[in-house]
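A note on names: the letters A, B, ... follow the listed sequences, proteins ahead of strands, and every chain is numbered from 1.
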Amino acid sequence: MNLNSQDILCILESCKQNNRESQQQLYRLLYGYAYSITYRYTNDDQEANALVNDSFLKLFRSIGVFKNGNSTDVFNSFKGWFRKIILNTCIDHYRSNKKLKTGLIIDNVSSFVDTHENGEEKLRYKEIINTVKQLSTAYRTVFNLHVVEGFSHEEIAGLLGISVGTSKSNLSKAKEHLRTLLQDKMNYIIS
Amino acid sequence: MQPSDKDIDKIIKDAGDNYQATGAAPDWAQMEALLDKHLPVKKEPKRKLLILLLLLLFLAGTTYIYFNRNSKDAMAVNEKKTSDSNIHIVPGRPAGNEAENALINDLENQPSPLLQSNQPNQNQQHPISKKSTGMRKGVKGNSRISIYETGVVEYSLPDNPSTNAPALNSTSALINTSNENSKDIVVTDPTKPIENTITENNPNTKTAATEPVIDTNKSIVVNEPATGNKKNKLVKKRKQPLEISLIYAPELTTIRFTNIDKPGSNYGLLLGYQITKNISLQTGIIKSRKNYIANGSDFELEYPLTGNYKLTKVNGYCMMYEIPLNIKSGLGSFKKFNVFYIAGISSYFMTREYYTYHYASASGIYSRSRTYTKQKNYWLSLASLGIGIEKAISPVFNIAAIPFLKIPFKGMGEGNLKLLSTGINFSLSYKPSFAKK
């Protein structure tokens, strides 16, 4: 779907009026983007899908707050704002379930079939993401927030309600596990 | 060779930034259901407009019925007052003092020219026969008329009709006793010619249009009261405007016409006050139990479910007190039944709720029950409509059956459910009446 900035602005304005058609349009436009993020923080597809829907619900509730500012690229600006909502949803989900899911390495990760993959890069990305999903929830969350999202340990400690030391420890352990899991694949991935 | 930390970070960051899960299929139906629940499209203005329109129609209908009834009553009164030829006393209604006085005066006045003109044969059976009721005194000054509520006027004549006959003239009361059960009494105006009100059986006597003719086959009997010349006063009864009703109603409750559980029940006490002949106001207190089943999508949870749990169904009941404010208006009578309609607005005070929640997840179906005892108040939150029939079983007691519909304006209870109820109200009403002094 090729939409220019004006189209995006129209859709956003219409979503502010709680128009269902525009909301559906925006939903289909950003679903994949949201799913890619939640997929990294969850154990299965259903959970990832539930987090996507919760994120969109928060998005539509607070869409009136979004202001484009001076950015010429409305869509990317909006995506960046939406990304924060998704991350907050994933973190809230982690915090509400962390008592049950800390300290375990999940061996069975539901496979995600990318039916549109074409090229080695996407295959690598898929394998890497699935490898990360093999980590436990605590390690995986800290790893994603620090390495992928770029949060500092102080910020991660504040978001997850843990100490800075715990955040660093979890990250270190996550990398140690990943090093082992990726050792066999690294030559192929790097080459 | 083990990858360094930097290598791992770079690879995974690239994967996280660039990987798009394009195979994911967006489920808009699920998302829309979530939006309808938490961010519904507002339809309030139209609903408010509809409610306003219904109220206006109700007021217009009540006003029309009220003025229509009043105008009919006024016409009836005018006809009675302006009628110069006949004062027709119908069964069940007491005669007016005016007619009564006319009858009494006439009986105490001149002898009947009618009888004189007809030249009754002494040997013939007097058209007005005697009745052995112990009233053998002279007519004049002693004859009385008792007019009962049944409308039967009875008077007797002395033996000699020619001298002491009562004034069975054109000014007299002419009684049509065509049969034993006839109760009609016609009192004629002495100043006007009398129309044919009595038929004569004697074929030789012409019936003049202006001359009353006595039906010789009929007997007219007058009862003389034992004491004095005092008139018998009519005893009128006057009904008070208050009405007390006991009600019981089985009812069914549904949410958006999806599921129906076993019937609930209402019982209570209503107090009515009649403000006009046909309109009365009602209020009271009703204790109600409603049983219902709600789909999971209709039940609003305070906190959304986590994980992959989905609420499929909720069944339960609630106990509440209802305070109605109703207008009851008569529509008419059918045989021995009175037909009326009731419209009003009620307030609900919910005291107890009990629900069983049914969840579904990938691992199975679960149920959990919970009781809520925190009182919730919903002022003027429900409209009720009903059309009923009422029958008097005694002068002061009525029974009625009123099919009704109760429409909520907003959701109630823990799940914010719009409880639509229907049923039949059975009532026993007491409307006291006291003797008017």
Glu251(B) with Lys290(B): basic N within carboxylate O range, under 4.0 Å: yes
Check ion pair Lys58(A)-Asp54(A) (N to O, under 4.0 angstrom): no
Atom group of Arg40(A) that falls short of 4.5 Å from chain B, counting heavy atoms: side chain
Engaged part of Asn144(A) at the chain B interface, taking heavy atoms whose separation is under 4.5 Å: neither
Do the rings of [X] and [Y] sit parallel, tilted or perpendicular, given the 30° and 60° boundaries?
X         : Y         : value
Phe82(A)  : Tyr33(A)  : tilted
Phe349(B) : Trp379(B) : perpendicular
Phe66(A)  : Trp81(A)  : tilted

Options Leu35(B), Leu34(B), Asp27(B), Asp36(B), ranked by heavy-atom pairs under 4.5 Å with chain A, top entry: Leu35(B)
Contact leader toward chain B among His146(A), Glu149(A), Arg61(A), where contacts are heavy-atom pairs under 4.5 Å: Arg61(A)
Selection from Leu57(A), Val52(A), Ile37(A), Val132(A) maximising heavy-atom pairs under 4.5 Å formed with chain B: Leu57(A)
